[in-house]
Structures are given as structure tokens and as C-alpha cells.
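The next block holds one structure in the form of C-alpha cells; read it before the comments.
Every number for a ligand or one of its atoms is a count from 1 in the order of the listing. All residue numbers refer to positions in the sequence shown, counting from 1.
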Amino acid sequence: MGLSLYDSASRGIVPFAPIDPARVRIYTCGPTVYRYAHIGNLRTYLLTDLLVRTLRCRGYGTFAVQNITDMGHMHQEQLEAGEDKVIAAARAAGKSAGEIARFFTEAFFRDGARMAFLPADVYPRASEHVPEMISLVRALEDRGAVYGEGGYLYFDVTKAPGYGVFSGTALGEGEAAERTDEGIHRHKKRPEDFTLWLPAEPGREFQWESRWGRGWPGWHIECAAMALKYLGPEFDVHVGGIDLRFPHHENSRAVVLTATGKRFATVWMHAAHLLVEGKKMSKSAGNEHTLDDLAAGPRSGGHGFSPADFRYYCLTLHYASPMNFTWEGQAATARALSRLRGAFRRASRGGTSGEDAAAALRAEFRNAVSDDLNIPRALAVAHKAVRSGIGGDAARALATEWDTVLGVGLLSEADGDSEVNGVREGEADKTPVEVEAMARERETRRRARDYPAADTLREKIRAAGYDVVDAVEGITVLRRMQGPRKR
Ligand SMILES: [Zn+2]
């Protein structure tokens with residue numbers, strides 16, 4: 001069975017046919033780094049991780065890009081109101097916008113490592129790609145798709161081929177048209193037109209020289225320019241949260257199609273919303289949970305949950321199904337993960353059995369993940385496998401293979417091991433917190449490709465009597481070293 005994926009643009013399941021199977025190219029809209037990622041963000045980024053893991057499991061090579069928006073404008077509306085979230089956060093904290101962005105970029109890498117996300121191949125920073133954005137605006141100018149005055153430049157959406165694929169509305173109709181244009185955007189010809197360039201207000205930290213005066217780029221042009229630079233005008237899959245489908249994805253696509261005449265992404269994948277106890281997450285409701293909130297547990301007390309527990313909870317739902325996070329649901333799925341790990345550990349310690357069944361189970365698992373990443377069905381196969389009496393090497397082989405997709409540590413040992421990526425189980429052997437902290441830091445450095453710093457940390461970890469072992473791809477295990485060395 002071949003891999004098939006749901007494509008949001010054509011609104012149907014499509015057989016996956018990559019441009020180059022040895023290098024499937026993927027772009028994911030990354031974080032705006034002015035705060036910690038909440039569990040809804042992490043669920044969205046998990047979609048890319050599952051896609052990459054599934055592709056690799058099926059023998060494809062991958063090349064993944066995830067941008068880091070380090071100069072604000074999470075939503076076009078806020079951008080148009082002149083607010084930059086990175087700058088607003090910096091002002092509130094009395095720090096520079098650059099300091100805030102660097103701090104939360106590190107936090108983003110750390111959370112990715114805790115969630116056992118395979119690192120992207122490139123993490124382009126928006127602030128380092130403004131020349132590319134400027135050339136893209138110039139290409140759009142050449143096509144007659146840009147207008148504006150006073151340092152404001154707008155994209156004329158009537159020049160974009162097939163504009164409206166994601167919104168499904170004709171121009172001048174629908175929600176967007178009802179918004180009134182006020183203040184700085186009085187020059188816009190129609191509500192759907194969007195900002196490509198804005199003039200810098202006095203004292204603005206992030207600003208660049210351009211032929212239109214000193215200013216800064218709009219949000220939609222950022223992703224378009226970075227995707228073009230690293231993946232070219234045609235690549236395989238574009239991933240993001242469902243809230244980005246319109247206007248962000250509609251607009252980045254319009255920019256690339258208009259500037260290049262090429263197709264941009266072949267498949268568009270969108271991760272569904274995450275609610276908390278039935279409510280939308282918001283700062284005011286106090287329910288914007290982070291991994292640290294999960295580790296602290298529910299407010300009523302009781303033990304907390306590891307990133308692997310949360311990852312497993314997400315895996316029990318298809319990515320396109322809205323998820324309603326509840327503490328009860330998290331507790332139940334954490335117990336299920338613990339049972340599944342225990343069952344795999346016991347099975348793999350026994351004598352080899354059920355090798356015939358293993359082949360059928362392996363095919364069943366592969367078919368499930370190949371069916372638009374149906375991970376819930378794949379998990380059901382894993383549970384079925386341990387009930388079916390497979391044992392020894394057969395069980396160990398399946399667990400190892402399936403974990404390359406699931407990433408939850410199916411063979412995680414209760415004693416002796418404490419996994420760095422938050423996949424922690426068993427209280428028997430407590431790794432000192434400072435060793436764990438160094439291991440996490442090393443993982444962050446490694447993902448940021450700062451290898452000298454990562455190596456120095458590894459030496460420090462070894463000096464403390466531990467070592468980091470790359471267990472399965474992307475998962476690093478912290479292990480106490482055998483031998484005479486005393487801590
Ligand atoms: Zn984007």
C-alpha cells in the first residue's frame with residue numbers, strides 16, 4: 001500500500017508522489033518566538049515530526065525546513081494594527097527584542113527535544129532573510145502585483161492565479177470583505193490585499209533599508225521567501241496549523257505562484273485545533289499549558305506528566321481531529337503508555353515467539369501510518385501485538401521499528417535509563433537533575449548544530465559518570481556508565 005495524504009488545497013486524499021524520493025522537501029510554519037510554546041503549538045509541530053518519521057520508515061529521504069519568526073506578527077490583523085509581538089514582549093520585560101527572540105528560540109529547541117521531534121534540517125530566522133524578502137517583493141513588482149504609497153506596499157490579490165483556494169470564497173465576498181480598513185491601511189484597494197512592506201516607526205529595533213525606504217516585511221512574504229530559498233518554487237509538503245490556512249497560507253501561496261509561475265507546495269497539511277477542557281486556550285483563561293505545566297500536573301495536585309505522556313496522548317487522535325485536552329484524558333493515556341511499555345518490555349525479555357504473526361502485524365502498522373498518518377490505528381496494532389503473544393527478538397524488533405515512527409520509547413527501561421527527551425519512566429534510578437540539565441542542553445546545542453558546545457557538554461556528562469547514547473534516531477538516552485568512576 002502506497003502512502004496517501006489529505007491535501008487541504010484540493011480537499012481530498014492524494015497518493016503521495018514526491019518530486020525526488022531521496023529528498024522529500026517539507027516546509028513547516030514555525031514559532032513566533034516571544035513566549036513558550038503551548039501544547040497546541042506542540043501538537044501542530046508533531047504533525048511534521050510524524051510525517052518525517054513515516055516517510056523515513058517508508059524509505060524516503062527527507063529535507064525539512066521550519067522557520068523561526070523572530071520579529072513578531074503572529075497574525076496579519078495584529079501586524080496591520082502595527083503591533084509586533086516580539087517587540088511588545090521585549091518592552092514588557094525590559095529587554096531588547098533580539099534578547100527575547102533568542103531566549104524563546106532556545107526554549108523552542110528545548111521543547112522540541114523533550115517532545116522527541118526529529119530536528120529540521122534548516123531553521124531559518126526571518127530576521128536573517130530580509131534581503132530575500134525584498135527581492136521577492138521586487139519580483140512581484142515586476143509582475144505588476146504591488147501597489148502602495150508612503151512606505152506601505154500591498155499585494156494585489158487579483159493578480160494571483162486562483163486566489164481563494166483555502167478560503168473557498170470569491171473576492172469581495174465572505175468574512176474578509178466585511179472587515180473595515182482603518183488608519184494606516186486606508187490605501188488598500190480591497191480587504192484581501194495584504195501588506196508586503198511597512199515603514200519603520202521611530203526607535204524600531206528590527207528595520208532594514210530598501211528602495212521603498214527603511215522598513216520591515218509583512219508576515220506572509222517571510223515564509224514565502226524562506227521556503228523559496230531552501231526548497232525552491234516547487235516542493236512536496238507544506239505543514240501548519242489549521243488557523244494558518246487562511247489568510248497566511250493562501251497569501252504565501254499567492255506570492256510564490258505570482259512571482260514564479262510555479263506550483264509551490266504539492267500537498268498542504270493542516271493540524272486541527274487543540275482545546276483545553278473544551279475551551280480555546282488563552283492567556284486570560286490561564287489555560288495555555290506548556291510542557292512545564294504538564295510536568296507540574298493538574299492544579300488539584302497529583303503527579304505530573306512527561307512530554308512523552310503528552311506525545312502519546314496526541315497520538316491517540318488523528319492529526320485532523322480537533323483535540324480536547326483534559327487532565328483526565330492525559331492521565332488515562334499516560335497509564336495506557338505505561339502499560340504498553342511494560343508489555344513490550346516483558347514480551348521482549350521472553351523467548352522468541354510469534355514470528356509469523358509479526359510479519360502480518362508489521363504490514364498492518366505500515367498500512368495504518370500510510371493511510372494519511374493514521375497513528376491511532378497504528379497504536380491499536382501495537383497494543384494488539386503485545387496481546388498476540390509475540391516475544392523475544394520478534395517483540396524487540398517490532399518495538400524498535402515502530403518506535404521510529406511513534407517516538408514514545410516503547411522499550412524504555414524502568415531501571416537504569418532515564419531518557420533525555422522527557423521519555424522518563426521508573427523512579428528506581430534517579431539521574432541527578434544537573435546531569436539531566438546538561439544532557440538537555442547538549443541536545444539543544446546538537447539540534448542547533450553547535451557541535452563544539454555539544455561535545456564539551458558530553459565531556460562534562462561523562463565526568464559526572466553518565467553518558468549519552470543515541471538510542472533510536474532522534475532519541476538520546478542518558479545512561480549511567482559502568483565501572484570504577486565515582487560520582
Ligand atoms: Zn508560514
Side-chain angles (χ1 to χ4, degrees), residues 7-9 25-35 37 40-49 51-52 63-80 84-86 101 104-105 108 112 117 120-130 132-133 136-137 140 155 157 160 163 165-167 192 194-197 206 216-260 263-273 319:
D7 170 36
S8 292
R25 283 167 292 161
I26 300 157
Y27 187 87
T28 305
C29 286
T32 300
V33 281
Y34 68 100
R35 59 162 193 199
N41 303 134
L42 296 173
R43 188 194 182 207
T44 297
Y45 305 146
L46 175 62
L47 171 54
T48 302
D49 185 62
L51 174 66
V52 168
F63 184 77
V65 177
Q66 183 170 28
N67 70 290
I68 290 170
T69 296
D70 53 358
M71 50 187 185
H73 30 92
M74 189 74 158
H75 295 289
Q76 189 69 6
E77 288 85 344
Q78 269 138 354
L79 182 150
E80 304 203 340
D84 183 307
K85 289 197 169 189
V86 175
F104 286 107
T105 300
F108 162 73
F117 293 159
D121 296 279
V122 189
Y123 289 105
R125 269 76 163 172
S127 67
E128 292 167 5
H129 293 79
V130 177
E132 286 85 347
M133 295 168 205
L136 188 51
V137 176
L140 293 171
F155 181 83
V157 299
Y163 187 84
V165 66
F166 291 121
S167 58
E192 294 88 349
F194 54 90
T195 319
L196 295 170
W197 190 261
F206 287 118
W216 52 296
W219 178 37
H220 309 309
I221 194 100
E222 284 183 13
C223 276
M226 290 184 278
L228 266 180
K229 174 168 181 176
Y230 294 99
L231 301 172
E234 295 192 338
F235 60 90
D236 300 294
V237 191
H238 195 303
V239 185
I242 190 82
D243 54 318
L244 298 184
R245 193 166 55 168
F246 184 84
H248 180 53
H249 291 162
E250 184 86 70
N251 291 351
S252 355
R253 182 176 176 274
V255 160
V256 176
L257 263 62
T258 308
T260 67
R263 187 178 50 187
F264 203 32
T266 311
V267 176
W268 289 79
M269 295 182 80
H270 288 106
H273 289 295
Y319 74 85

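For the Zn ion (ligand 1), the nearby protein N/O/S atoms, meaning those under 2.8 Å, are Cys29 SG, Cys223 SG, His248 NE2.
Contact annotation: the side chain of Val122 never approaches that of Lys229 to less than 4.5 Å [non-hydrogen atoms, C-beta and beyond]. Residues Leu231 and Phe63 have side chains in contact (heavy-atom distance under 4.5 Å, counting atoms from C-beta outward).
Considering Val52, Leu47, Leu244 in turn, Leu47 is the only one that fulfils the side chain to side chain contact (heavy atoms under 4.5 Å, CB included) rule with Val239.
For the side-chain hydrogen bond (donor to acceptor under 3.5 Å, both in side chains) test, residues two or more places apart in sequence or in another chain that qualify with Thr28 are Thr48.
Of the possible polar contacts, none joining the Asn67 side chain to the Cys223 backbone as a donor-acceptor pair under 3.5 Å is found. Judged by distance alone, the side chain of Arg43 and the main-chain N or O of His273 form a donor-acceptor pair under 3.5 Å.
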